[in-house]
Amino acid sequence: MVGANGEMLGVLTVNEGIKHAEEAGLDLVEVSPNASPPVCKVMDYGKFKYEAQKKKAEAKKKQKVVTVKEIKVRPNIDTHDLEVKTKAMAKFLEGGDKVRVSLRFRGREMAHMNLGRELLDKIFDMFKEQAKLEVHPKLEGRQMFMVLAPILAK
């Protein structure tokens with residue numbers, strides 16, 4: 001058992017521990033139930049819960065939520081249109097977001113899937129320095145996609 005000021009009180013029975021806690025006007029809290037013998041501490045339980053809640057809120061405030069932005073392209077996209085899409089992708093990656101590049105095939109384009117794969121490879125080559133390939137290009141039905149994740153600077 002650990003006292004209110006952090007001093008070690010030794011191994012006590014539950015009743016003795018409760019008696020010590022009542023004398024101090026505090027609560028007896030089981031800190032480590034799996035230890036042998038279990039470790040208890042005399043403390044203000046309400047204050048302990050409040051501080052734990054504040055720590056949790058502070059940790060939540062500091063975390064960054066990563067979203068997945070989607071860019072849709074076609075296999076026969078024009079060079080200028082591709083430049084516009086890649087500028088948007090660069091902005092998303094700089095903002096720390098992941099980018100999913102979707103390539104939709106229509107009609108006879110399904111016979112030329114190699115063109116789609118080449119386009120996705122070309123897009124990845126443009127972003128090799130600032131992004132890593134999280135999901136390699138794969139085909140699902142009439143759609144081929146890949147996911148790029150930003151490389152975090154240290």
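These numbers were taken from a predicted model, which means no experiment stands behind them.
Proximity of a side-chain donor or acceptor of Arg117 to a complementary backbone N or O of Pro137 within less than 3.5 Å is detected. Panel note: side chain Asp97, backbone Lys69; no donor-acceptor pair is recorded below 3.5 Å.
At a threshold of 4.5 Å between non-hydrogen side-chain atoms, the residues Asn76 and Leu115 do not count as touching. Looking at Asp44 and Asp27, their side chains come closer than 4.5 Å, going by heavy atoms from C-beta outward. Side-chain contact between Phe127 and Val99 is absent, with no heavy atoms from C-beta onward closer than 4.5 Å. Between Leu9 and Val2 the shortest side-chain heavy-atom distance does not fall below 4.5 Å. Within the 4.5 Å cutoff, no side-chain heavy atoms of Gln143 are placed close to those of Phe105. Side-chain contact between Phe92 and Ile71: present, with at least one pair of heavy atoms (C-beta onward) separated by less than 4.5 Å.
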**Asked** Would Ile123 and Lys85 count as a side-chain contact (heavy atoms from CB on, under 4.5 Å) if you check the C-alpha gap in whole Å, the side-chain angles of each, and the deciding distance to 0.1 Å?
**Response** CA-CA 10 Å; Ile123 291 172; Lys85 300 276 187 181; over 6 Å; no
**Request:** Assess whether side-chain contact (heavy atoms from CB on, under 4.5 Å) is satisfied between Leu82 and Leu119, documenting all intermediate values.
**Result:** CA-CA 10 Å; Leu82 185 61; Leu119 178 63; 4.1 Å; yes
**Item:** Derivation and outcome, side-chain contact (heavy atoms from CB on, under 4.5 Å), residues Met89 and Met126
**Value:** CA-CA 10 Å; Met89 287 174 57; Met126 291 179 190; over 6 Å; no
**Message:** Before you tell me yes or no, could you show the steps for Leu26 and Met43 under side-chain contact (heavy atoms from CB on, under 4.5 Å), namely the whole-Å CA-CA distance, both residues' side-chain angles and the distance that decides it to 0.1 Å?
**Reply:** CA-CA 5 Å; Leu26 298 171; Met43 66 170 80; 5.6 Å; no
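Clustering ILVMFWY residues whenever any of their side-chain heavy atoms sit less than 4.5 angstrom apart, transitively, puts Val101 in a cluster other than the one holding Val68. One hydrophobic cluster holds both Val73 and Leu148 under the rule that ILVMFWY side chains link at heavy-atom gaps under 4.5 Å. Under a hydrophobic clustering in which Ile, Leu, Val, Met, Phe, Trp and Tyr are joined whenever their side-chain heavy atoms come within less than 4.5 Å, directly or via other members, Phe124 and Val135 fall into different clusters. Linking Ile, Leu, Val, Met, Phe, Trp and Tyr whenever their side-chain heavy atoms come within less than 4.5 Å puts Met144 and Met146 in one cluster.
The distance from atom CE of Met113 to atom CZ of Arg142, rounded to the nearest 0.5 Å, is 8.0 Å. Between the CD atom of Glu58 and the NZ atom of Lys61 there is a distance of 4.5 Å, given to the nearest 0.5 Å. Going from atom CG of Asn5 over to atom CD of Glu7 covers 5.0 Å, rounded to the nearest 0.5 Å. Residue Leu93 holds its CG atom at 11.0 Å from NZ of Lys132, rounded to the nearest 0.5 Å. Note that the CD1 atom of Ile77 and the CD atom of Glu83 stand 10.5 Å from one another [nearest 0.5 Å]. Taken from NZ in Lys19 to OG1 in Thr13, the straight-line distance is 9.5 Å, to the nearest 0.5 Å.
Within a 6.0 Å radius of CD in Gln53, other residues, nucleotides and ligands contribute 12 heavy atoms or fewer.
For the residue pair Gly116 and Leu103, the shortest heavy atom distance occurs at CA-CD2, 3.5 Å. In terms of heavy atoms, Gly3 sits closest to Lys41 at O-CG, 4.4 Å. In this structure, Glu129 and Ile151 approach most closely via the heavy-atom pair O-CD1, 3.8 Å. Contact between Cys40 and Glu30 at its shortest, heavy atoms only, is SG-CA, 3.9 Å.
Using a 4.0 Å cut-off between charged side-chain N and carboxylate O, Lys128 and Asp125 make a salt bridge.
Screening Val11, Val39, Leu28, Val14 for a side chain to side chain contact (heavy atoms under 4.5 Å, CB included) involving Met1 leaves a single residue, Leu28.
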